[in-house]
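The structure appears below as structure tokens.
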Amino acid sequence: RKEVEQDPGPFNVPEGATVAFNCTYSNSASQSFFWYRQDCRKEPKLLMSVYSSGNEDGRFTAQLNRASQYISLLIRDSKLSDSATYLCVVIHTGGFKTIFGAGTRLFVKA
Amino acid sequence: SAVISQKPSRDICQRGTSLTIQCQVDSQVTMMFWYRQQPGQSLTLIATANQGSEATYESGFVIDKFPISRPNLTFSTLTVSNMSPEDSSIYLCSYYRDSYTGNEQFFGPGTRLTVL
């Protein structure tokens with residue numbers, strides 16, 4: 001079993017749709033959690049951090065459930081520009097080890 | 001965040017040769033990392049580049065194949081030695097920044113390597 005698992009995707013949604021991505025992690029010692037976005041042929045870039053209290057940034061909402069070891073990302077009112085691969089990222093702070101999920105591909109169509 | 005750059009941005013190499021990739025950060029950072037991203041795959045950590053000591057390699061990666069230098073707090077190199085087509089990949093360098101939100105990680109633009 002992979003240490004970080006994500007929805008396999010791809011997700012094909014129309015503009016304006018709401019889409020949710022899920023991610024689970026297996027190491028309970030994981031300390032920090034993030035969603036990264038990677039555009040085609042580009043490097044990953046931080047989208048947002050994920051907290052137990054939940055955090056929102058415009059159309060994006062991230063949530064962490066430590067008890068279930070589950071992370072989610074919700075995108076509302078999808079735009080064409082949201083088309084990308086979304087990577088779930090878990091960091092073991094003690095060893096500064098970053099684990100990347102395989103990514104979920106999102107296609108938003110007009 | 002500090003600006004992080006890599007060169008070359010891409011290269012096409014012959015089997016059996018070696019390529020050295022350079023990574024430059026415009027401010028001092030404690031920890032730098034090298035990742036590989038093979039086509040259609042996510043990122044895999046190759047090693048942590050430590051300033052003043054040998055790099056720490058992840059399982060499946062060895063120093064003879066991927067020698068790393070870290071001469072100072074702003075620069076690192078990764079060499080892909082005795083290349084084979086299986087080494088065709090994107091190689092990314094990265095650094096951590098401690099912030100109030102936790103450990104944030106930033107990536108260079110990547111080096112796209114094709115081995116013939």
Side-chain angles (χ1 to χ4, degrees), chain A residues 2-10 21 23-25 27 29-57 60 62 64 66 71 84-105, chain B residues 1-7 9-10 21 23-25 29-51 55-61 88-114:
Chain A
K2 293 181 181 177
E3 194 164 345
V4 177
E5 298 206 61
Q6 295 185 236
D7 284 348
F21 301 144
C23 172
T24 57
Y25 61 96
N27 191 330
S30 301
Q31 296 289 329
S32 302
F33 309 89
F34 304 90
W35 284 101
Y36 275 70
R37 170 190 171 131
Q38 185 171 25
D39 292 294
C40 189
R41 296 179 173 266
K42 299 287 189 180
E43 75 275 18
K45 292 185 179 178
L46 179 65
L47 177 65
M48 59 197 308
S49 303
V50 189
Y51 309 113
S52 298
S53 56
N55 54 309
E56 188 173 312
D57 183 3
F60 298 83
L64 165 66
R66 284 189 182 270
I71 304 159
T85 297
Y86 291 83
L87 303 170
C88 176
V89 180
V90 173
I91 296 180
H92 304 160
T93 306
F96 291 101
K97 181 159 182 160
T98 305
I99 309 296
F100 288 83
T104 301
R105 198 84 185 270
Chain B
S1 60
V3 175
I4 180 170
S5 60
Q6 283 182 239
K7 59 180 181 182
S9 59
R10 60 179 62 234
I21 302 168
C23 179
Q24 179 78 52
V25 187
V29 295
T30 304
M31 304 184 77
M32 292 179 73
F33 308 88
W34 286 97
Y35 286 83
R36 180 172 74 183
Q37 186 173 30
Q38 295 183 304
Q41 304 294 316
S42 191
L43 285 79
T44 301
L45 180 64
I46 297 172
T48 302
N50 305 307
Q51 194 268 331
T56 304
Y57 289 83
E58 296 299 306
S59 175
F61 298 96
S88 297
S89 187
I90 299 172
Y91 292 85
L92 299 112
C93 68
S94 171
Y95 73 92
Y96 269 123
R97 184 190 71 178
D98 288 333
S99 72
Y100 68 94
T101 61
N103 296 316
E104 298 187 26
Q105 193 162 1
F106 298 89
F107 292 87
T111 297
R112 187 177 295 272
L113 171 63
T114 301

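Reckoned from all heavy atoms, side chains included, excluding hydrogens, waters and symmetry mates. Letters A, B, ... mirror the listed sequences (proteins, then strands); counts begin at 1.
- Heavy atoms closer than 4.5 Å to chain B are found nowhere in A:Arg105, neither backbone nor side chain.
- For A:Phe21, the ring-ring contact (aromatic ring centres under 6.0 Å, His included) partners two or more places apart in sequence, or in a different chain, are A:Phe11, A:Tyr86.
- Taking CD1 of A:Ile99 as the start and OG1 of B:Thr44 as the end, the distance is 9.5 Å to the nearest 0.5 Å.
- Contacts of B:Leu92 with chain A are made by side-chain atoms alone, with heavy-atom separations under 4.5 Å and no backbone atom involved.
- In this structure, the ring of A:Phe100 has its center less than 6.0 angstrom from the ring center of B:Phe107.
- Minimum interatomic distance between B:Ser42 and A:Ala102 (heavy atoms only, all atoms of both residues): CB-CA, 3.5 Å.
- Residues passing the side-chain contact (heavy atoms from CB on, under 4.5 Å) test with A:Leu46, sequence neighbours excluded: A:Phe34, A:Tyr36, B:Glu104.
- Going from atom CE of B:Met31 over to atom OG1 of A:Thr98 covers 9.0 Å, rounded to the nearest 0.5 Å.
- Within the model, atoms CD of A:Glu43 and OG of B:Ser94 stand 10.5 Å from one another, a figure rounded to the nearest 0.5 Å.
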